[in-house]
Amino acid sequence: MSCVSIERCKSYDIKNVEAAINKTFVNLGGVGKFIKPGMKVAIKPNLVMKKRPEEAATTHPSLIKAICSLVNAAGGEILIIDSPGGLYTESALKGVYNACGMTEAARVTGVNLNFSLDEAEVDIPDGKILKRVTLLKPLVEADIIINVSKLKTHGQMVYTGAVKNMFGAVPGVLKAEYHLRMAEYNDFANALIDIFLSVRPSINILDAVIGMEGDGPTAGNPKKIGYIMGSENAFELDLAALDLININPADVPVIKNAIGRGLCCRNIAELEIIGENLDNSRLNGFDVPQLDTLRAIQFYDKGLMKFLISWLRPKPAFVHALCTGCKECVRSCPAHIIEMYENRPRVDLSGCIRCFCCQELCPAKAVNIKRPFLSKFLFKKAKKCNVKKDFCR
């Protein structure tokens, strides 16, 4: 039976966070179980783009400070490392570290930030879609990886947490290649699982103090949840987090496929929960706008209804009044279907793969995800047909 730790943390006040992080490590067997003196320890937060901590798009620096203090005391040699979306250069990393509070966290705790751009090829024997992947070399060379993710909604994958956070192990714009090659939801979900298996973090911590709902993973709304969660099994950590925010795992491609591959139990009752009781902690009304549309697509993507899919699928919609003309959407588009016209983006939707990198990496929040009314109507029909009873809590 796997163990998932859930500890209450009402704010990012460092004392609250340190107490919750300490309890989390105790619940998982103690920091000494994982860290030995002299070990190279890579701490991998979610630093998707240049965002301030209060925007709830990135791992909060208070968690990084608390974890670094524990690992320092255990004698580990720490490197904070991530590959944000977009360009992977030393100047880009510096800007992201500064904005996300990692520069200050590293200074206070006396640890190092990664600026190496070196890459390494890694085989994935258990890969379903990918058998070999290019990763950040300092991450590969670490003795142990601590995966510190953020609980958020996601425009393409519905939810992002511990498993998807390791997509940041892929350097910079190479991520776009995987989006382009695996445009179908389940293929991309399995590719994300394969990438996770190529690094296999030993400890997975989830920042669910303040998560993100709505148009995540960067343009949504902060949502107070009030917990820090952890597990050695990232898949089952995400399963517990989905239960916490009241989402069926069958509706989240990464976890649905992980269950199918035997990497995660199918039922929350099979987990050993230490700390807070999930039944007393569950949130209702967590805004997951992608959920309805994705369900409708999964149900109707067959037979005579297939011709409607181009209308049912969500689409990026550019808000020119908010656009600053920075061209980040053009640079981040894996399909290269966005061009600038009079300093504003214009997209050829016939070639859109619905990865929503444009929405995810837009610094001005000038890209919305448009969901047709018809898909909501069909979703209601799908619910009546009871097509989603494969999984239970």
Side-chain angles (χ1 to χ4, degrees), residues 44 46-50 81-93 96 114 116-140 145 147 149 154-158 160 163-201 217-218 253-254 257-258 261 313-316 326-340 345 347-363 367 369:
K44 164 65 177 76
N46 182 328
L47 306 179
V48 59
M49 65 181 297
K50 192 185 296 185
I81 179 171
D82 193 16
S83 169
L87 294 176
Y88 188 57
T89 63
E90 186 172 338
S91 60
L93 284 172
V96 170
N114 175 66
S116 170
L117 307 181
D118 292 343
E119 301 173 358
E121 296 289 322
V122 176
D123 292 325
I124 315 174
D126 299 328
K128 182 174 183 177
I129 300 291
L130 303 174
K131 294 297 183 181
R132 191 171 178 82
V133 66
T134 301
L135 300 176
L136 308 176
K137 189 175 182 180
L139 199 63
V140 174
I145 299 170
N147 174 21
S149 54
H154 193 277
Q156 182 190 29
M157 290 287 103
V158 181
T160 176
V163 177
K164 191 178 183 304
N165 190 44
M166 296 314 296
F167 193 36
V170 176
V173 294
L174 284 179
K175 299 182 191 70
E177 177 185 336
Y178 296 116
H179 276 296
L180 190 60
R181 285 171 52 195
M182 280 75 68
E184 196 275 327
Y185 285 120
N186 287 319
D187 285 348
F188 186 60
N190 276 307
L192 291 173
I193 293 170
D194 293 341
I195 291 168
F196 180 90
L197 294 176
S198 73
V199 285
R200 293 183 183 270
T218 60
V254 168
N257 282 281
R261 292 170 64 169
R313 297 181 73 188
K315 304 172 177 66
C326 71
K327 301 182 183 180
E328 187 59 41
C329 56
V330 177
R331 289 188 289 268
S332 64
C333 178
H336 303 294
I337 57 168
I338 303 174
E339 60 181 18
M340 299 300 286
V347 61
D348 175 11
L349 286 174
S350 66
C352 182
I353 62 173
R354 273 68 173 184
C355 65
F356 303 117
C357 290
C358 54
Q359 182 257 356
E360 179 174 337
L361 298 177
C362 176
V367 186
I369 300 176

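This one's a predicted model, so the numbers in the text were calculated from it and none came from an experiment.
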Novice: List the atom of C362, the atom of V367, and the distance in Å for their closest heavy-atom pair.
Specialist: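 Closest approach of C362 to V367: CB-CG2, 4.1 Å.
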Novice: Is the closest side-chain heavy-atom distance between P345 and M340 below 4.5 Å?
Specialist: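 When only atoms from C-beta onward are counted, M340 and P345 do touch, with a gap below 4.5 Å.
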Novice: Kindly determine whether M157 and V163 satisfy side-chain contact (heavy atoms from CB on, under 4.5 Å), including the steps that lead there.
Specialist: CA-CA 11 Å; M157 290 287 103; V163 177; over 6 Å; no
Novice: Report yes if the side chains of K128 and L197 come closer than 4.5 Å at any heavy-atom pair, otherwise no.
Specialist: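 Counting from C-beta outward, K128 and L197 never come under 4.5 Å.
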Novice: Check the surroundings of atom NZ in K327: do more than 12 heavy atoms from other residues, nucleotides or ligands lie under 6.0 Å from it?
Specialist: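 Counting neighbours around NZ of K327, 12 or fewer heavy atoms of other residues, nucleotides or ligands fall under 6.0 Å, so no.
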Novice: With the side chain counted from C-beta on, respond yes when L93 and P84 share a heavy-atom pair under 4.5 Å apart, and no when they do not.
Specialist: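 Answer yes - side chains close enough.
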Novice: Would you confirm whether D348, through its side chain, and S350, through its main-chain N or O, come within 3.5 Å as a donor-acceptor pair?
Specialist: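 Side chain of D348 to backbone of S350, a donor-acceptor pair under 3.5 Å: yes, one is there.
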Novice: For the CG atom of L47 and the CE atom of M49, what is their distance to the nearest 0.5 Å?
Specialist: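 Rounded to the nearest 0.5 Å, the CG-CE separation comes out at 12.0 Å.
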Novice: Answer yes or no: is there a side-chain heavy-atom contact under 4.5 Å between K175 and S83?
Specialist: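 Answer yes - side chains close enough.
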Novice: How many angstroms lie between atom OG of S332 and atom CG of L87, to the nearest 0.5 angstrom?
Specialist: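 Output value for this atom pair is 10.0 Å.
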Novice: Specify the closest pair of heavy atoms between I129 and A191, including all atoms of both residues, with the distance to one decimal.
Specialist: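 Here I129 and A191 meet closest at CG1-N, 4.1 Å.
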Novice: Applying ring-ring contact (aromatic ring centres under 6.0 Å, His included), can you list everything that pairs with F167, at least two apart in sequence or on another chain?
Specialist: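 If we apply the ring-ring contact (aromatic ring centres under 6.0 Å, His included) test to F167, skipping adjacent residues, the hits are H179, F188.
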Novice: My understanding is that only residues two or more places apart in sequence, or in another chain, count here; which of them pass side-chain hydrogen bond (donor to acceptor under 3.5 Å, both in side chains) with Y88?
Specialist: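 Result, side-chain hydrogen bond (donor to acceptor under 3.5 Å, both in side chains) vs Y88: N114.
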Novice: Got a second to check how far N46's CG is from S149's OG, nearest 0.5 Å?
Specialist: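 If we round to the nearest 0.5 Å, N46:CG and S149:OG are 7.5 Å apart.
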Novice: Would you please name every residue forming a salt bridge (Lys or Arg N to Asp or Glu O under 4.0 Å) with E121, sequence neighbours left out?
Specialist: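 Here the qualifying residues are R132.
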Novice: In chain order, what residues pass the side-chain hydrogen bond (donor to acceptor under 3.5 Å, both in side chains) check against Q359, with sequence neighbours excluded?
Specialist: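 Expected list: none.
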Novice: Can you name the closest pair of heavy atoms from C326 and R331 and give their distance?
Specialist: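 Taking C326 first and R331 second, the nearest heavy atoms are O-NH2, 3.0 Å.
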Novice: Side chains of P253 and V158: closer than 4.5 Å at any heavy-atom pair?
Specialist: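 P253 reaches V158 side chain to side chain.
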Novice: Calculate, to the nearest 0.5 Å, the distance between atoms CD1 and NZ belonging to I369 and K315 respectively.
Specialist: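 Those atoms lie 12.5 Å apart.
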Novice: With sequence neighbours left out, what residues match K44 under side-chain hydrogen bond (donor to acceptor under 3.5 Å, both in side chains)?
Specialist: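 For K44, the residues satisfying side-chain hydrogen bond (donor to acceptor under 3.5 Å, both in side chains) (neighbours in sequence not counted) are D82, N165.
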Novice: How long is the gap from CD on E177 to OG1 on T134, to the nearest 0.5 Å?
Specialist: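 Rounded to the nearest 0.5 Å, the CD-OG1 separation comes to 7.5 Å.
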Novice: Just verifying a value: how many Å separate L349 CG and I338 CD1, rounded to the nearest 0.5 Å?
Specialist: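 Answer for the CG-CD1 pair, L349 versus I338, is 9.5 Å.
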Novice: Which atom pair, heavy atoms only, marks the closest approach of E184 to D187?
Specialist: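 Closest approach of E184 to D187, heavy atoms only: OE1-N, 3.0 Å.
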Novice: Which residues pass the side-chain hydrogen bond (donor to acceptor under 3.5 Å, both in side chains) test with R261, not counting sequence neighbours?
Specialist: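 Counting only residues at least two positions away or on another chain, R261 forms a side-chain hydrogen bond (donor to acceptor under 3.5 Å, both in side chains) with N190, D194.
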Novice: Heavy atoms only: give me the nearest G85-L361 pair and the separation to one decimal.
Specialist: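 In this case the closest contact between G85 and L361 is CA-CD2, 3.9 Å.
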Novice: Just so I know, are the side chains of L139 and M166 near enough to count as touching, which here means a heavy-atom distance under 4.5 Å?
Specialist: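 Yes, side chains in contact.
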Novice: Over all heavy atoms of both residues, which pair between P125 and K131 is shortest? Give the atoms and the distance, please.
Specialist: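 Heavy-atom minimum between the residues: O-NZ, 3.7 Å.
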Novice: Taking side chain as C-beta onward, heavy atoms only, is N147 less than 4.5 Å from F196?
Specialist: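 Yes, at least one pair of side-chain atoms sits under 4.5 Å.
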